[in-house]
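These notes are about the structure you will find just below.
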Number of protein chains: 2
Amino acid sequence: MTAKGKPVAATPLAPPLDQRKAFILATIVYEYVATAEPVGSQTLTQKYNLGVSSATIRNEMAELEAGGYLVQPHTSAGRIPSDAGYRTYVDRLMQPESLSSEEAKRIRDEYRAASRELDGVIEQTTRLVGELAHNVAFMIAPSRETQTFRHIQLIWLAERTGLAVLVTSLGVALQTHFEHSESVTADDLTRLSNRLNASFGGRTMRELGDVEVIAVVRAAGFGDDLARAVESAFRSAARSPEPIVASSGTQHLLDQPEFQDLRKLRSILRIIEEQKTLYDLVADSINDAGPTVRIGHELGSDEITECSVVTVPYRFSDQTVGVLAIMGPRRMPYARLMALAGGTAQSLNKLFDESERR
Amino acid sequence: MTAKGKPVAATPLAPPLDQRKAFILATIVYEYVATAEPVGSQTLTQKYNLGVSSATIRNEMAELEAGGYLVQPHTSAGRIPSDAGYRTYVDRLMQPESLSSEEAKRIRDEYRAASRELDGVIEQTTRLVGELAHNVAFMIAPSRETQTFRHIQLIWLAERTGLAVLVTSLGVALQTHFEHSESVTADDLTRLSNRLNASFGGRTMRELGDVEVIAVVRAAGFGDDLARAVESAFRSAARSPEPIVASSGTQHLLDQPEFQDLRKLRSILRIIEEQKTLYDLVADSINDAGPTVRIGHELGSDEITECSVVTVPYRFSDQTVGVLAIMGPRRMPYARLMALAGGTAQSLNKLFDESERR
DNA sequence: TTTAGCAGTCATGAGTCAGGAGTGCCAAGT
DNA sequence: ACTTGGCACTCCTGACTCATGACTGCTAAA
């Protein structure tokens, strides 16, 4: 078992790939991604003109297998890429793609009509990406900690209950009900809100946990009970809940030949529904620079060695706040999905930047 | 194809069931639900002491089949219940169950720690029910129309943008951003909020669509542009979005022998992910009095004739606002799931009632 | 009306077999 | 030193057969 997240080296003494081997490996990956069938030497010579005979290919393939780049499901079958084979392909061999103009347009259009509620954007994005990727898409939503405090408004609901609405830099409104034993008016709460805003405006949500709310409430002339209630409302809004993960596109898994086996399918579906594992899987990726791929065992989880995940962090105001991920079988069109993930993340960044300027 | 939602009559001239036939039918349903295997005459005489020989059972079973209550997958197999067989079982034969005290406790405990956010409650409920039912659970969330307006607060965010937070009787806060060209202060917005609250307090959300917001804003001394912005914020908060449907427990489907077939599984998963069909499926049930069952073809959709759905409406303040549903194969423990649905709905009702009193 | 017995049906799983795709290796060719 | 044609070998796949067993319907006797 390799260390979590470490790309798998082909083998301890992996021979460097000469140009022909590299081309053969790349072609095998390409063909296998397209057909889902182990690739044989004849197929290769027939469909791609390599200029050499199938026997030569066979020799090369045997060496690639010895080097750890290919595996053979059984003796009389063709070869399929190993994790290391895919890794080499992704890192050094594949032609990076960019989004087709139709797809780029589709994404732009989608965000043009986007709701301005963060939850809506998250859900819309996973749906869109799941559909375009024909795979499972999921996202880690911005944790509250990364957002900054913009505004709080205490709303008078009844004699002894109120609602605290806290607006963050991403335009998210967090709501917390609170109860207290003091009798206050709506005006009191407004006055108090103004005080809190003046005191804490611009802080990050993280800092908000350490802030002396009680003192401010008291200074505004209110009693301890209300102070405690408001403080706890503050804290519970500032506290990061379990990171929200939306997912979409599970039905595409059923189309993949590798998941015709119900046992495999079940374990994947369970992981998706549980969310926790999903989160752990991609949480690291939040510090990546752009689209990144984790292949099979690199995911560090024995349950989903059949899968690969493309992740891309998305930013808001120069700070990375979340991750968009596409999960599918290892046999996935890496270049395309990386382009899709990258493009979507960019659109998302732009959307957030615009929403900040407002 | 029968009319949507109409229980299927056994056959045009369904013979009435004498006591023995009724018992045999009930036993077959019971056995089939437990084993998922077609039930033969010998199994019946061996496992349940019917006091007659298997030959007699065979005769009775042949008559039950002629009456439309049973079907035979193939000539040399046992019998399984037809939709009509299940229907008769549910309506007249089965012993109603009630929740085991552990389960009742489990549900109560779950809600004791329930968050007060509506979304959280919905999600928590589907998760709980999906798990206890070992089937798919989903819910139609309260449509906004059924809630009443309790409070609005316009929050000043920047010179020309604001956030309208609208609190409903269920304690839900709906947020809408708005933009305008007038220069207003936070105080202005507070003043305006108070006006709006005074004017519209207590109205149902449905009525809010027809309300003369513009006039009120103008009467408060603000310009047309702000009036229009506030009105549109009002409307978009009041407008029912697509009803939110949370679902949970899809992985249980994989355990059911009837969904080992990938084609069937795919179509079910698609329906669950689409949500729209799911909504149509149970929307009618909002007017039911208690737990209700739809069996196979009764669902009115050709795609899920393999499924049954147990639904129960849940109330808030004497008005039915949503539906809780459990979906699974027709071969489901109806009595148990109806008890589970009913019990959960009751706890939910109580939770809402309490939240109103606060 | 019930029951025992019996012939008939049919899904299921094991076993067999031919076909074919693909390999590895060797020896000859360039 | 590569490359290539050829050939023997492996092993998956799908079709086919066949015995087994679960179950039925029917008949005739109780």
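So that the names make sense, note that chain A is the first sequence line, chain B the second, and so on, each numbered from 1.
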Practice task
Nearest whole angstrom, please: distance from the C1' of dT23(C) to the CD1 of I28(A).
Solution key: 13 Å

Problem - Shortest non-hydrogen contact from A325(B) toward V282(B) - result: CB-CG1, 4.1 Å

Exercise for the section: Please tell me which of the listed nucleotides, dG24(C), dT3(D), dG5(D), lies nearest to the side chain of A62(A)? Expected result: dG24(C)

Practice task
By nearest nucleotide on DNA chain C, pick out whichever of H74(B) and E65(A) is the more 5' one.
Solution key: H74(B)

Exercise for the section: Let me see the working for S308(B) and Y334(B) under side-chain hydrogen bond (donor to acceptor under 3.5 Å, both in side chains), right down to the final yes or no. Expected result: CA-CA 9 Å; S308(B) 284; Y334(B) 289 99; 2.7 Å; yes

Practice task
Using whole Å, report how far NZ of K47(A) lies from P of dA21(C).
Solution key: 14 Å

Exercise for the section: State whether T75(A) places a side-chain N or O below 4.0 Å from either non-bridging phosphate oxygen (OP1 or OP2) of dC11(D). Expected result: yes

Fill in the blank from the handout: Taking for S53(B) and for P73(B) the nucleotide of DNA chain C with the nearest heavy atom, the one nearer the 5' end belongs to S53(B)

Fill in the blank from the handout: From CD of E60(B) across to C1' of dT2(C) the rounded distance in Å is 11 Å

Practice task
Mark yes or no for a side-chain to base donor-acceptor pair under 3.5 Å between S76(B) and dC23(D), with no hydrogen or angle criteria applied.
Solution key: no

Handout entry: For atom CG of L44(B) and atom P of dA22(D), their distance in whole Å
Key = 16 Å

Handout entry: base_contact_polar (dG25(D) base, R79(B) side chain, donor-acceptor, <3.5 Å)
Key = no

Problem - Phosphate OP1/OP2 of dC23(D): any T43(B) side-chain N/O under 4.0 Å - result: yes

Practice task
Send over the distance from N59(A) CG to dA28(C) P, rounded to a whole Å.
Solution key: 17 Å

Handout entry: Y279(B), OH atom: more than 12 neighbouring heavy atoms under 6.0 Å
Key = no

Exercise for the section: Establish, with yes or no, whether the OP1 or OP2 oxygen of dT23(C) is under 4.0 angstrom from a side-chain nitrogen or oxygen of S41(A). Expected result: yes

Handout entry: Rounded interatomic separation in angstrom, taking CE from M61(A) and C1' from dT4(D)
Key = 16 Å

Problem - Touch class at under 4.0 angstrom, heavy-atom based, for Q72(B) against every strand present - result: sugar-phosphate

Handout entry: Closest listed nucleotide, where the reference is the side chain of R58(A) and the choices are dG5(C), dT23(C), dT2(C)
Key = dT23(C)

Practice task
Identify whether any heavy atom of A55(A) sits under 4.0 Å from a base atom; if not, whether one sits that close to sugar-phosphate; answer base, sugar-phosphate or nothing.
Solution key: base

Handout entry: Donor on one side chain, acceptor on other, E273(B) and T250(A), under 3.5 Å
Key = yes

Practice task
Only counting residues at least two apart or in another chain, list the ones meeting side-chain contact (heavy atoms from CB on, under 4.5 Å) with P329(A).
Solution key: N135(A), Q256(A), E258(A), F259(A)

Exercise for the section: Starting at atom CD of E37(B), determine the distance to atom P of dA22(D), rounded to an integer number of angstrom. Expected result: 12 Å

Completion exercise
Taken to the nearest whole Å, CG/D18(A) to P/dC2(D) is 10 Å

